[in-house]
Amino acid sequence: PIVMEAPDGAQMQYGVTYTGNKVSGVAGSVQPWMWMDANGATQFPQQTNIRGSCIALGNVIHCISRFDRKYYRYENGTWSAALSSAIDASSAIFHLFFIDSRGYLFAAWDEGSSQRLYRSTDNGVTWAAVLTPTELPDANDYCGSMAEADNGYLYATGYNGTGAAGVAVNKIFRSTDGGATWVDITPNLAFQYLRHVHSVVWDKHRRCLWVCGGDGAPYALQGSADYGDTWAAWTGAIQATAIACDAENVYYTGDTAGDRSVYRGKGATMAAILSSAPRAALDIAD
């Protein structure tokens, strides 16, 4: 059994069963929403009133509820009450929560006909829309990913959309002032994706940006070593949704039916990655 402490101080006991060294069951009338161990708080918020998206930075956990759309914070061992009013009144899907080096917070939902990226510069108390339907005109659009470069520039992607004439309107934006204003740098890409921009990532090892998209050809990863002014395509890359980097490799996951592999390209520079032959590093059979 595992004993956990509830928010009101009461202790709850759970029986955990294992099968093949994996947790196969947890017995208890209420699922735990948080517990403490030697490394601090884990399994945070799964309480009904603050279930949502979290970012942990230092000893502070930032949280936006998907139920009431308010901002909460875990600090000094306790959760705060709601520190903001509802950031957005829509009932659409929550897609993005991001914090930059300044401590500015960003959040985005799939808004239907009111798609926006929100920013807070006062620790989550007030929020303002910094990207709006003016920049994201498609009714099914939303900001799906963000990244920050080493010079403080911010990047945000517009995931979805086809215009009235069937022309793709996927976007990548850049901000040089902490997210207050944004410039559409999509025309700078080596080519336009058929529909989606999936991810933008800052690669600190090669000091470059990576962006990927789909759905359908052309869908190669693209890289920029000048903060998004110019881009080059990795012609050997397949359609990808997520990117991760270490000092020796760039990893990405596929987005085609039946392909469950994690791929990698090897190289210490952006140019080396772009010229490498991507190879499957792992097949995730489940």
Checking [X] now: which residues fulfil side chain to side chain contact (heavy atoms under 4.5 Å, CB included) with it, not counting sequence neighbours?
{"X": "E148", "value": "F98, D100, S101, R102, L154"}
{"X": "I99", "value": "I55, L57, H62, L105"}
{"X": "D184", "value": "K171, F173, T186, P187"}
{"X": "T121", "value": "Y104, R119"}

Atom pair [atom1] ([X]) and [atom2] ([Y]), whose distance is rounded to the nearest 0.5 Å:
{"X": "Y155", "Y": "I172", "atom1": "OH", "atom2": "CD1", "result": "8.0 Å"}
{"X": "D177", "Y": "W182", "atom1": "CG", "atom2": "CH2", "result": "8.5 Å"}
{"X": "Y118", "Y": "T126", "atom1": "OH", "atom2": "OG1", "result": "13.0 Å"}
{"X": "W109", "Y": "Q115", "atom1": "CH2", "atom2": "CD", "result": "14.0 Å"}
{"X": "Y251", "Y": "D246", "atom1": "OH", "atom2": "CG", "result": "4.0 Å"}
{"X": "K70", "Y": "S85", "atom1": "NZ", "atom2": "OG", "result": "7.5 Å"}

In sequence, state the C-alpha distance, the side-chain angles, and the governing distance for Y153 and S175, and then conclude on side chain to side chain contact (heavy atoms under 4.5 Å, CB included).
CA-CA 6 Å; Y153 285 8; S175 174; over 6 Å; no
Between [X] and [Y], is any pair of side-chain heavy atoms under 4.5 Å apart?
{"X": "N188", "Y": "T230", "value": "no"}
{"X": "I87", "Y": "I64", "value": "yes"}
{"X": "I273", "Y": "K266", "value": "no"}
{"X": "V250", "Y": "H205", "value": "no"}
{"X": "V197", "Y": "V211", "value": "yes"}
{"X": "W79", "Y": "C63", "value": "yes"}
{"X": "L96", "Y": "L117", "value": "yes"}
{"X": "Y252", "Y": "C212", "value": "no"}

Which atom of [X] lies closest to which atom of [Y], heavy atoms considered:
{"X": "S65", "Y": "Y72", "value": "CB-CE1, 3.9 Å"}
{"X": "W231", "Y": "G228", "value": "NE1-O, 3.1 Å"}
{"X": "A272", "Y": "G267", "value": "CB-CA, 3.8 Å"}
{"X": "W234", "Y": "A220", "value": "O-CB, 3.0 Å"}
{"X": "S84", "Y": "Y71", "value": "OG-N, 3.0 Å"}
{"X": "M146", "Y": "A156", "value": "CG-CB, 3.9 Å"}

Without hydrogens or angle criteria, can the side chains of D122 and S120 be said to hold a donor-acceptor pair below 3.5 Å?
yes
Under 3.5 Å, is there a donor-acceptor pair between the side chain of [X] and the main chain of [Y]?
{"X": "S276", "Y": "G265", "answer": "no"}
{"X": "S261", "Y": "Y263", "answer": "no"}
{"X": "T157", "Y": "S145", "answer": "yes"}
{"X": "S80", "Y": "R73", "answer": "yes"}
{"X": "R264", "Y": "E248", "answer": "no"}

Between C143 and L131, does the side chain to side chain contact (heavy atoms under 4.5 Å, CB included) criterion hold? Intermediate values first, please.
CA-CA 9 Å; C143 286; L131 286 174; 3.7 Å; yes
Please list, chain by chain and in numerical order, all residues satisfying ring-ring contact (aromatic ring centres under 6.0 Å, His included) with W202, sequence neighbours excluded.
Y227
Given the rule in the side chain to side chain donor-acceptor pair (under 3.5 Å) test, do E75 and T78 qualify, once you have shown the distances and angles that lead to the verdict?
CA-CA 6 Å; E75 192 171 11; T78 60; over 6 Å; no
Working for side chain to side chain donor-acceptor pair (under 3.5 Å), residues D226 and S224
CA-CA 6 Å; D226 56 10; S224 173; 2.9 Å; yes
For D229, give me all partners under side chain to side chain donor-acceptor pair (under 3.5 Å), at least two apart in sequence or on another chain.
R174
Between the side chains of D150 and R207, is the shortest nitrogen-to-carboxylate-oxygen separation below 4.0 Å, so that they form an ion pair?
yes
Under a single-linkage definition using a 4.5 Å side-chain heavy-atom cutoff for Ile, Leu, Val, Met, Phe, Trp and Tyr, are V130 and V183 assigned to the same hydrophobic cluster?
no
If the plane angle is over 60° it's perpendicular, under 30° parallel, otherwise tilted; pick one for F191 and Y193.
perpendicular
